[in-house]
Novice: 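The structure follows.
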2 protein chains.
Amino acid sequence: MAAKTYTRFTAAEGVENALKMLEGRWKLIILFHLFGGRVMRFSELERAIPEVSQKMLIQQLRQMETDGIVCRTVYPEVPPKVEYGLTEWGQALCPALDALLTWAEEGPAIPAGAPDHSSRSIT
Amino acid sequence: MAAKTYTRFTAAEGVENALKMLEGRWKLIILFHLFGGRVMRFSELERAIPEVSQKMLIQQLRQMETDGIVCRTVYPEVPPKVEYGLTEWGQALCPALDALLTWAEEGPAIPAGAPDHSSRSIT
DNA sequence: CTGTATCCTCTCGGATACTG
DNA sequence: CAGTATCCGAGAGGATACAG
């Protein structure tokens with residue numbers, strides 16, 4: 001396992017690629033509904049996330065599918081039935097997001113008080 | 001250390017908060033320039049990231065400062081001198097971003113081939 | 001049930017010029 | 001040197017209506 005080397009720019013780019021796949025008003029919510037190997041139909045997701053429009057739901061699902069995070073399974077029946085689940089790689093996101101969650105939870109050391117910019121001034 | 005409990009929604013929300021602080025065309029690049037306790041003046045950052053405009057550079061720096069990630073130090077001299085560095089909490093982002101980087105690097109299991117949607121069809 | 005197709009709004013980011 | 005102010009275009013996301 002050859003450890004990759006990064007410059008400040010390539011590292012930023014790598015993380016940006018990862019973030020691009022998570023950006024989108026609904027992707028994280030979808031993700032957390034699908035973690036743990038759960039599989040859901042389109043209409044289930046609609047009901048589970050009432051605020052989302054069909055257009056956005058399908059759009060973000062398809063993007064994640066293209067990215068290889070989500071797996072879409074079509075059952076050729078009448079009426080149609082489509083299920084969404086995570087790929088192995090998608091499941092692997094869980095610990096990475098946990099790291100972010102933990103970090104966010106630690107909070108800024110100076111949480112209260114500072115309403116505006118917390119600049120220091122050396123005199 | 002009471003382990004927090006999350007619903008699918010609060011977990012998504014927590015991660016979203018974290019991501020919101022990282023979203024922005026230049027934040028990650030700035031971050032990676034400041035990791036390792038490095039401290040840089042405004043003009044240094046400008047030269048290190050030639051593509052960014054003054055407006056965006058200052059805007060993203062100030063946002064990260066407000067979020068408690070970046071620390072801004074003003075030296076009241078003529079000409080002005082301002083230095084930017086990471087807070088402790090900002091430095092703590094490094095391992096979390098590494099997790100994402102590592103994940104992204106693993107890549108989707110089916111990287112090549114699939115030009116369009118990789119749906120499965122159960123017949 | 002599972003999507004497409006339009007339209008519309010609002011925010012982000014870039015270009016440019018000016019200031020203490 | 002280190003910002004601030006203004007204008008502008010592109011794209012993300014929402015509402016709504018329609019289709020296989």
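A, B, ... follow the sequence lines: proteins, then strands. Residue 1 opens every chain. These numbers were taken from a predicted model, which means no experiment stands behind them.
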Novice: Take atom NZ of A/Lys20 and atom C1' of C/dC12, then tell me their distance rounded to the nearest Å.
Specialist: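 Those two atoms, NZ and C1', are 15 Å apart.
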Novice: Within the distance-only criterion (no hydrogens, no angle test), does the side chain of B/Gln91 pair as donor or acceptor with the backbone N or O of B/Gly36 below 3.5 angstrom?
Specialist: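 Yes: the side chain of B/Gln91 pairs with the backbone of B/Gly36.
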Novice: For the helix from C/dC1-D/dG20 to C/dG20-D/dC1, what is the angle between the axes at its two ends, each from 5 pairs, rounded to 10°?
Specialist: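 Result, rounded to 10 degrees: 50°.
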Novice: Provide a list of protein-nucleic acid N or O atom pairs under 3.5 angstrom, restricted to nucleotides 3-5 of chain D.
Specialist:
| unit_1 | atom_1 | unit_2 | atom_2 | d |
| --- | --- | --- | --- | --- |
| D/dG3 | OP1 | B/Arg62 | NH1 | 3.2 |
| D/dG3 | OP1 | B/Arg72 | NH2 | 2.6 |
| D/dG3 | OP2 | B/Tyr84 | OH | 2.7 |
| D/dG3 | N7 | B/Gln54 | OE1 | 2.8 |
| D/dG3 | N7 | B/Gln54 | NE2 | 3.3 |
| D/dG3 | O6 | B/Gln54 | OE1 | 2.8 |

Novice: Give me, pair by pair, the N or O atoms of the protein and of nucleotides 10-12 of chain D that are less than 3.5 Å apart, along with how far apart they are.
Specialist:
none

Novice: Which residues satisfy the side-chain hydrogen bond (donor to acceptor under 3.5 Å, both in side chains) test with A/Ser53, sequence neighbours excluded?
Specialist: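 Here no residue qualifies.
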Novice: Tell me whether B/Trp103 contacts the main-chain N or O of A/Trp89 through its side chain, where contact means a donor paired with an acceptor under 3.5 Å.
Specialist: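 It does hold such a pair.
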Novice: Rounded to the nearest 0.5 Å, how far apart are CD of B/Glu13 and OH of B/Tyr6?
Specialist: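 Here the interatomic distance stands at 10.5 Å.
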Novice: Any salt bridge (charged side-chain N to carboxylate O under 4.0 Å, His left out) pairs touching residues 43-52 of chain A, not counting sequence neighbours?
Specialist: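 Those involving residues 43-52 of chain A do not exist here.
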Novice: Is the backbone N or O of A/Trp26 less than 3.5 Å from a side-chain atom of A/Gln60, with the two atoms forming a donor-acceptor pair by type?
Specialist: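 Checked: pair present.
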Novice: Send over the distance from B/Met40 CE to D/dA2 C1', rounded to a whole Å.
Specialist: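 The answer, rounded to whole Å, is 15 Å.
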Novice: Pick base, sugar-phosphate or nothing for A/Ser43, based on heavy-atom distances below 4.0 Å to the nucleic acid.
Specialist: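 Answer is sugar-phosphate: A/Ser43 comes under 4.0 Å of backbone atoms only.
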Novice: Restricting to side chain to side chain contact (heavy atoms under 4.5 Å, CB included), what partner residues turn up for A/Arg8, sequence neighbours left out?
Specialist: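 If we apply the side chain to side chain contact (heavy atoms under 4.5 Å, CB included) test to A/Arg8, skipping adjacent residues, the hits are B/Phe32, B/His33, B/Arg38.
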Novice: Once you round it to whole Å, what is the distance between C1' of D/dC1 and CD of B/Glu46?
Specialist: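 Those two atoms, CD and C1', are 9 Å apart.
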Novice: Show the nearest heavy-atom pair for residues B/Leu101 and A/Val15, with the distance to one decimal.
Specialist: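 Shortest heavy-atom contact: CD1-N, 3.7 Å.
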Novice: Just the rounded figure in Å: distance from C1' of C/dG13 to CD of B/Glu23.
Specialist: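 Going from CD in B/Glu23 over to C1' in C/dG13 covers 14 Å.
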Novice: In whole Å, what is the span from the CD1 atom of A/Ile49 to the C1' atom of D/dG13?
Specialist: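 Going from CD1 in A/Ile49 over to C1' in D/dG13 covers 15 Å.
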Novice: Of the non-hydrogen atoms in B/Thr87 and B/Gly68, which two are nearest, and what is the gap between them?
Specialist: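 That closest heavy-atom pairing would be OG1-O, 2.7 Å.
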Novice: Within the pair A/Arg41 and C/dC1, is there a side-chain N or O less than 4.0 Å away from OP1 or OP2?
Specialist: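 It does not, given that no N or O in the side chain of A/Arg41 lies less than 4.0 Å from OP1 or OP2 of C/dC1.
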Novice: Figure out the CG/C1' separation between B/Leu57 and C/dC12, and round it to whole Å.
Specialist: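 Rounding to the nearest Å, CG of B/Leu57 and C1' of C/dC12 are 16 Å apart.
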Novice: Got a salt bridge between B/Glu23 and B/Lys20, using NZ or NE/NH1/NH2 to carboxylate O under 4.0 Å?
Specialist: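 No, no charged N to carboxylate O under 4.0 Å.
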Novice: What's the OH-P distance between A/Tyr75 and C/dG3, to the nearest Å?
Specialist: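 My rounded result for the distance is 13 Å.
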Novice: Using 0.5 Å steps for rounding, measure from the CE atom of A/Met21 to the CG atom of A/Asp67.
Specialist: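 A/Met21 CE to A/Asp67 CG: 5.0 Å, rounded to 0.5 Å.
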